[in-house]
Amino acid sequence: MHKPCRKCSCEFEVTDADQIFYKKISVPEPTFCPQCRMMRRMRFRNEHSLYRRKCDLCKKDIIAAYKPDAVHPVYCTDCWWSDKWDATDFGMDVKVDEPFFPQMKALMDRVPRLSLAVVTSRATNCDFCNYVDFAKNCYLCYGSVQVEDCMYGNPYESKDCVDCFLVRESELAYECVDCEKMYNCDFCQSCDGCTDCVSCYECQGCNDCIGCTGLKRQQYCIANKKYSKEEYEVKRDGLKLATVEGLARANDYLGKEKLTFPHRSSRILKSEDCTGNFIVNSKNSHCCFDVKKLWDCSYCAQVIDGKDSYDVNYCEYFELCYEHIGFDENYNVKFSLISGNCKDCDYTDFCMNCNDCFGCVSLKKQKNCIFNKKYSEEEYRELTGRLREAMIERGEYGEYFPEEISPFKYEESVANDYFPKD
Ligand SMILES: [Zn+2]
Ligand SMILES: [Zn+2]
């Protein structure tokens, strides 16, 4: 079935498989097209617009993703994760018959937010990083997990990488983009399993290559021409790649030359029945980009290890999730922003280890809460049942948080990185 997007008016398709998924997780069909849905989620993620300000609890000077004049309190990572405060103290009564999102915004404006999306105990010496996890000695990295001694960009499961974007399982990589399993490589793009390569494009399993395109398991090649080890070393030294001019020459050559070679229409590796680009080890997943280990997922980007989920970004280990952005280990979490280890939650914003919560902000280890207020299990079921019904009637349930209630300006959010306004 095709329908017009409520935001951009373009026609988008809701396939039979999509309809089955929406039924399975009991949500109405989307009214925004996949791209407008992604843009709306991305409005709620600010990776790299960082500010100096004070922690509103311990008063220390900190770096935060929120301006000093933000309406809501901001706590440093040590304070936020501590037991020195309780987010249920900020609980509000829900008014079932009144619009949901203005009430959600009122709650978002009063509950303290975490300065940077970092788990203190899992990030050492990473004061200027945001959205990093299991990280050590990193600087200005955003969206990086299991990284050590990295600077600038978003390396993933990597070590000693600088200026890398969408690079995974690599070491000593510099200025690489969309690469995997690289070792000591510079200026490479869309390559995997390469060692000691410079300025290569779409190469696989190559060693000691410079300015090559589309090679597989080759060694000692320059501009796709094979040499003996000795010839290669003489030629390589002559290129003076350690100088600015030499590197500029090699990159300029690659820039022109790569356009003359045939390219793969998309990079889908070890996967079955998938559409999108940069997909690895996945099955029956559609319209997905930069993903790995997905089963039965659609409209996802930059995620790893997901099952039966739609519209998820920047997450690991998730199942039955929908319209969800940020953080790991979630089951049946919908319309959520940075929630971790959560189960059966709707409209949660930065909640950790929670079950059965609806419309909550900054909660840790809670259950049966609505707007940060605790209820008995029966009360919770009855109230959320009525709330969901009223929201469906008002056309609210099924939609992600409206972009006007984002704590970030458009220019601060990653929406601006991918969909710049100017
Ligand atoms: Zn649209
Ligand atoms: Zn503090």
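Each ligand, and each atom within it, is numbered from 1 in the order the structure gives. Note that these values count all heavy atoms, side chains included, but never hydrogens, waters or copies made by symmetry. Here, residue 1 is the first one in the sequence, and each next residue gets the next number.
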>> So F90 and V361, do their side chains get closer than 4.5 Å, heavy atoms only?
In response: no
>> For E316, I'd like to know if atom CD has over 12 heavy atoms of other residues, nucleotides or ligands within 6.0 Å.
In response: yes
> Picking from Y347, F100, F358, what satisfies ring-ring contact (aromatic ring centres under 6.0 Å, His included) with F371?
Replying inline: F100
> In terms of ring plane angle, is the pair Y310 and F21 parallel, tilted or perpendicular, where the classes change at 30° and 60°?
Replying inline: parallel
> Which count of protein N, O or S atoms is obtained for distances strictly below 2.8 Å from the Zn ion (ligand 1)?
Replying inline: 4
>> Suppose the cut-off is 2.8 Å; how many protein N/O/S atoms fall inside it around the Zn ion (ligand 2)?
In response: 4
> Near K374 NZ, under 6.0 Å, is it more than 12 heavy atoms from other residues, nucleotides or ligands?
Replying inline: no
> Considering all heavy atoms of both residues, which atom of L116 and which atom of C129 are nearest to each other, and what is their separation?
Replying inline: CD1-O, 3.6 Å
>> Test of understanding: with side chain to side chain donor-acceptor pair (under 3.5 Å), list the residues that count as partners of D305, not counting sequence neighbours.
In response: none
> Can you find a side-chain donor-acceptor pair between N207 and D196 that sits under 3.5 Å?
Replying inline: no
> ring-ring contact (aromatic ring centres under 6.0 Å, His included) with F327: which residues, sequence neighbours excluded?
Replying inline: none
